[in-house]
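Following: one structure in structure tokens, then a few remarks.
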Amino acid sequence: MKFAVAALLVASSSAVLLSKKGDNGSGLSYALDVPTLNKAEADNVAKTQHFNGATKAQADAAAALGASTAAATAAAGANAAAGAAKAATAGAFSLGNYKSPDFAKTEAEKDAAIKAKEAALDASLKADDDKVTKTLIEARKQRDLDASTAAKAASDANLKANQERVAYEKDQLERGENQDRHKFRNEETAAKTSEIQGKHDERERANGRLLKALASF
């Protein structure tokens, strides 16, 4: 029985030591830090929401730039056509033909072509200016999206690390509780076994005295 008690004491003292994980500074070998995970989750929700907004804003800006580019291309084509029409009517008109019955008509066509060219030039330049505006806006939205993407990636990585850490710490906590419970049970058993052994020794001594007493008759 004495060997059994010794074995229990050795088993109790040789329990596995759990390494500390976490950052709450409690000093426990199986510390559990959930608040940091909660902060990481809240940060990830915010970063994801910002990323979704930045993604939509960039997509809207890209669509607006595409439409503006198409409009600028069309306006440039119309301006070129108006220029060709102006050149054609100007070539058909001559001040020297003022006595011609078609003079008033060709002059009106020439003036109309000039007005059309002016309008087409104005529209083309406005379309070009709008394209520049949309280009600047799209570039800004793309920079915002790039920054938001990087921030979300960092938040995702931080969240994953905290999830893994808390999962590890929960496992360590369970192991630590099991270890403590096992250690307590071993100590309790060792004490109880020592008590039983002590009473047994007392009975052995009493029987020894009884043997001597009986042998003396």
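The environment of Gln49 atom CD is sparse: at most 12 non-hydrogen atoms of other residues, nucleotides or ligands sit within 6.0 angstrom. Counting non-hydrogen atoms of neighbouring residues, nucleotides and ligands closer than 6.0 angstrom, the NZ atom of Lys110 exceeds 12 such neighbours.
By the 4.5 Å heavy-atom criterion applied to side chains, Thr89 and Thr106 are not counted as neighbours. The shortest side-chain heavy-atom distance between Leu37 and Asp33 does not fall under the 4.5 Å cut-off.
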One pair to check against salt bridge (Lys or Arg N to Asp or Glu O under 4.0 Å): Glu164 and Lys160. What are the steps and the verdict? CA-CA 6 Å; Glu164 291 175 350; Lys160 184 175 184 294; 2.4 Å; yes
Steps toward side chain to side chain donor-acceptor pair (under 3.5 Å) verdict (Asn162, Thr36): CA-CA 7 Å; Asn162 275 280; Thr36 299; 5.2 Å; no
Using the side chain to side chain donor-acceptor pair (under 3.5 Å) rule, take Lys152 and Asn44 through it: C-alpha gap first, then chi angles, then the decisive distance, then the call. CA-CA 7 Å; Lys152 183 179 183 301; Asn44 192 253; 5.7 Å; no
I would like to know whether Glu107 and Asp111 meet side chain to side chain contact (heavy atoms under 4.5 Å, CB included); could you show each step before the answer? CA-CA 6 Å; Glu107 183 180 23; Asp111 291 343; 3.9 Å; yes
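Put simply, CD on Glu195 and OG1 on Thr193 are 9.5 Å apart, with the number rounded to the nearest 0.5 Å. Remark: Arg165 CZ to Lys170 NZ distance equals 10.5 Å, nearest 0.5 Å. Between Asn158 atom CG and Glu41 atom CD the span is 10.5 Å, to the nearest 0.5 Å. With rounding to the nearest 0.5 angstrom, the CG atom of Asn207 is 9.0 Å from the CZ atom of Arg209. Distance check, rounded to the nearest 0.5 Å: CD of Glu204 to CD of Gln197 gives 7.5 Å.
A salt bridge between Glu177 and Arg181 is absent, with no side-chain N of the basic residue lying under 4.0 Å from a carboxylate O of the acidic one. Electrostatic pairing of Arg140 and Asp144 counts as a salt bridge here, judged by a charged N lying under 4.0 Å from a carboxylate O.
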Output side-chain donor-acceptor pairs under 3.5 Å for residues 119-139, partner residues at least two apart or in another chain, one line each.
{"from": "Asp122", "atom 1": "OD2", "to": "Lys126", "atom 2": "NZ", "distance (Å)": "3.1"}
{"from": "Asp130", "atom 1": "OD1", "to": "Lys134", "atom 2": "NZ", "distance (Å)": "2.6"}
{"from": "Asp130", "atom 1": "OD2", "to": "Ser68", "atom 2": "OG", "distance (Å)": "2.7"}
{"from": "Asp130", "atom 1": "OD2", "to": "Lys134", "atom 2": "NZ", "distance (Å)": "3.3"}
{"from": "Thr133", "atom 1": "OG1", "to": "Asp129", "atom 2": "O", "distance (Å)": "3.1"}
{"from": "Thr135", "atom 1": "OG1", "to": "Lys131", "atom 2": "O", "distance (Å)": "2.7"}
{"from": "Glu138", "atom 1": "OE2", "to": "Gln58", "atom 2": "NE2", "distance (Å)": "2.9"}

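Using modelled atom types, no side-chain atom of Asn79 and backbone atom of Ala75 make a donor-acceptor pair closer than 3.5 Å.
Contact detail for Ser94 and Phe103: the closest heavy-atom pair is O-CE1, 3.4 Å. Considering every non-hydrogen atom in both Ala82 and Ala116, the closest pair reads CB-O, 4.0 Å. The shortest heavy-atom contact between Lys86 and Ala113 is CA-CB, 3.7 Å.
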